[in-house]
Amino acid sequence: MGISVRRLSKSFGAYHALDCVSFEVPEGQLVALLGPSGSGKSTILRIIAGLESADSGEVQLTGADAEAPTRNRGVGFVFQHYALFRHMTVRKNIAFGLEVRRPRPSRNELRRRVDELLNLVQLTGHADRYPSHLSGGQRQRVALARALAPRPKVLLLDEPFGALDARVREELRTWLRRLHDEAHVTSLFVTHDQQEAFEVADQIIVLNRGKIEQIGPPQELYERPASPFVTEFLGAVNLLRVETVLGMNVQYDEAPLPVEIPGPHGMAAIYVRPHDLDITRQADGRPAWRARIRRITPLGGLTRLDLTLHDGANLHVELTSDRVRALALNAGEDVFVAPRDLKVFHQPSPFVENYVI
Amino acid sequence: MSQKPAFKSSADAVTLLTRGASLSYLGVVLLLPLAALGFEALRPGPRVFFEALSDPLARYALGLSFTLALAMAVVNAVIGTATAWVLVHRDFPGKALMNSLIDLPFAVPTVVAGLMLVALYGPSSTMGLLLERNGVPLIYHRPGVAVALLFVTYPFVIRSVQPVWLELDPAEEEAAATLGANHWTTFFAVTLPALRPAVLSGAALAFSRALGEFGGISLVAGNRPLDTQTASLYVYGAIEGDRTQVAAAVSIVLLAASFAVLLILNSLQNNAVKLD
């Protein structure tokens, strides 16, 4: 086992940053800790690295208890704002973790390892530059090379691409995944960006308010979210709140829900992803809601439609632009909208009502 | 349309006026006295100037002042940095009080500082008697001068290092720790280089202050030539003895040194900006 975290708890005053968090990162995997800010994900990372201490619980790195001070834990850490040593050249930065080793590696050995890493992060020509002369993406690559140089047991990345602009972020994600496929060092990275987690990670751990909501491979989380929070957090979704009596929807009686809602009386939350909704001009026998198109926003290959249901609820629909053209849809028209897939949760406690994330 | 040029020229006039005013103020307050001093020193010709400087008393006084100033720079660099560390990284009761006490030497008139030391360590005080019996008399001896200078230069390094240290991103030190560095390695390899410009500029200010200090020393030193007479005391004595040219010549040396320190400070700050 690469990283094992057991019953980790941590409070800052009255604020519970972590509440009995347990999970494992298998050897050689790249796992994402995904959650909104304040969910405790960075705290977990810092506790694993020994930069912060837990109130209770334990951390194991490659099978051994991690109680040693940070410098003896053998973790590589990549910070959101790079944290490069600004008065050292790129070469010096990368060499740092090797130079503080005792016994100190020979000059030749050092040079060879640094060259190897410069090559790995594609910065061979920049060895003698100072961090201030590099772009954000280059700086983060230096930071990664620096963290990998002493061959750490595990690599921890704290929002590594958070400070970069969108294009560079995307490049670095792909690059990080490729790097991991080559180097296979057990990695745990923190992000609040679900797309980033989906693109890069083998497994995702979804955190909310210091607790784990769900752990699993990206596709599984997306298809079978365990809670309203996970559903909301993993991409844009429509939320409809309905009241059920004996499993029957009473609110949309004019346009009854096209599904049976099992479960007791009470409130239920229905989640439908924008791309899981289809629009037809005529009722075609399938159960569907009636809605009016408020606005059509072309987004290249996809088109986004803002609809209003009869009770005033808003619905976002995503169709291919071809489909919108074929239907010749216009704002102000009345249409039928039918969900292909939806998730129902009882007694929901969504964070914000009736919105699209 | 017709208003725009009028507005523009009045803005120009304001610029000219403010620039002119600030330049002439600088001229009257700073440059004119400087020029007067230079003129006074060099008026009798370079021979007299160098003669004044070759006087053994003048040489000794200058030597003493520079040695003490250098010592103040070094001592303050070390102790000031350590004190700043305590203020930035440690919490303890009375920290706020300590923080405000540090500025005391800025606020207390230096003559008063001298008086305090005489009262504490003077020959008629208990401490003074004790010290003298053990063979380390302070007041009217060189160690006393050093103590007075320590008092007046105390805040400089602390006050230049502390804010820089507060602003320092702890992530760099954390990164060093994750890479296997211990506390000392981290301090010398990561923290100190980031603080270096602040330490040096604080030390340079302490140096300048110690070099030119008069008030704090005047009571403590006893003004004994070839022993406790510093350059500033020598200048004062020369003026009292109506040897204005000698005073001016020694003053020019002090002035040149202070100016050099200023230039070094400036280049330090420029370097610090470049790395960010």
Side-chain angles (χ1 to χ4, degrees), chain A residues 42 45-46 48-52 61 66 68-89 92-102 104-105 129-133 139 142-159 163, chain B residues 77 81 84-85 88-93 95 157 160-204 264-276:
Chain A
S42 287
L45 217 60
R46 293 175 62 82
I48 294 174
L51 295 172
E52 204 110 43
L61 296 176
T70 302
R71 64 175 184 276
N72 298 331
R73 284 201 186 187
V75 298
F77 204 104
V78 176
F79 294 82
Q80 179 175 5
H81 296 287
Y82 328 123
L84 293 178
F85 306 131
R86 70 189 100 167
H87 58 277
M88 295 184 200
T89 60
K92 276 288 197 185
N93 261 285
I94 298 175
F96 187 88
L98 303 168
E99 281 178 340
V100 299
R101 283 267 181 91
R102 297 292 175 270
R104 195 179 150 141
R129 298 211 187 167
Y130 283 90
S132 56
H133 297 141
R139 285 184 209 190
V142 175
L144 204 65
R146 181 180 68 175
L148 287 171
R151 302 184 196 282
K153 287 191 264 183
V154 301
L155 184 63
L156 307 170
L157 306 105
D158 190 3
E159 301 255 10
Chain B
T81 306
W85 180 83
V88 171
H89 288 284
R90 286 289 172 266
D91 267 318
F92 51 89
K95 179 169 155 177
V157 173
S160 73
V161 171
Q162 188 186 13
V164 179
W165 213 331
L166 274 174
E167 287 296 305
L168 221 57
D169 184 3
E172 272 185 53
E173 290 171 9
E174 289 174 351
T178 62
L179 290 166
N182 62 31
H183 292 306
W184 286 110
T185 311
T186 303
F187 177 75
F188 283 110
V190 176
T191 316
L192 195 55
L195 296 178
R196 191 178 290 138
V199 174
L200 289 180
S201 81
I264 293 169
L265 269 184
N266 238 333
S267 74
L268 276 178
Q269 260 144 18
N270 286 343
N271 274 344
V273 169
K274 250 185 258 161
L275 271 183
D276 269 330

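Labels below follow one simple rule: chain letters A, B, ... track the order of the sequence lines, proteins then strands, and each chain is numbered from 1. Note that the coordinates shown come from a computational prediction; the quantities given were computed from them, not determined experimentally. The analysis underlying the following values was restricted to heavy atoms, covering all of them including side chains, and did not include hydrogens, waters or symmetry mates.
- Listed by chain and residue number, nothing satisfies the side-chain hydrogen bond (donor to acceptor under 3.5 Å, both in side chains) test with B:Trp85 (two or more places apart in sequence, or in another chain).
- In this structure, chain B has a heavy atom under 4.5 Å from the backbone of A:Leu84, while its side chain stays farther away.
- There is no contact between A:Ala143 and chain B, counting heavy-atom distances below 4.5 Å.
- Scored by the side-chain hydrogen bond (donor to acceptor under 3.5 Å, both in side chains) test, A:Thr70 finds no partners at all (sequence neighbours excluded).
- A:Arg46 touches chain B through its side chain: at least one heavy atom from C-beta onward sits under 4.5 Å away, while N, CA, C and O do not.
- Contacts between residues 172-182 of chain B and chain A, counted as heavy-atom pairs separated by less than 4.5 Å, involve B:Glu172, B:Glu174, B:Ala175, B:Ala176, B:Ala177, B:Thr178, B:Leu179, B:Gly180, B:Ala181, B:Asn182.
- To the nearest 0.5 Å, the span separating CD on A:Glu99 from OG1 on B:Thr185 amounts to 11.0 Å.
- Proximity to chain B among residues 71-83 of chain A is limited to A:Arg71, A:Val75, A:Phe77, A:Phe79, A:Ala83, judged by heavy-atom separations below 4.5 angstrom.
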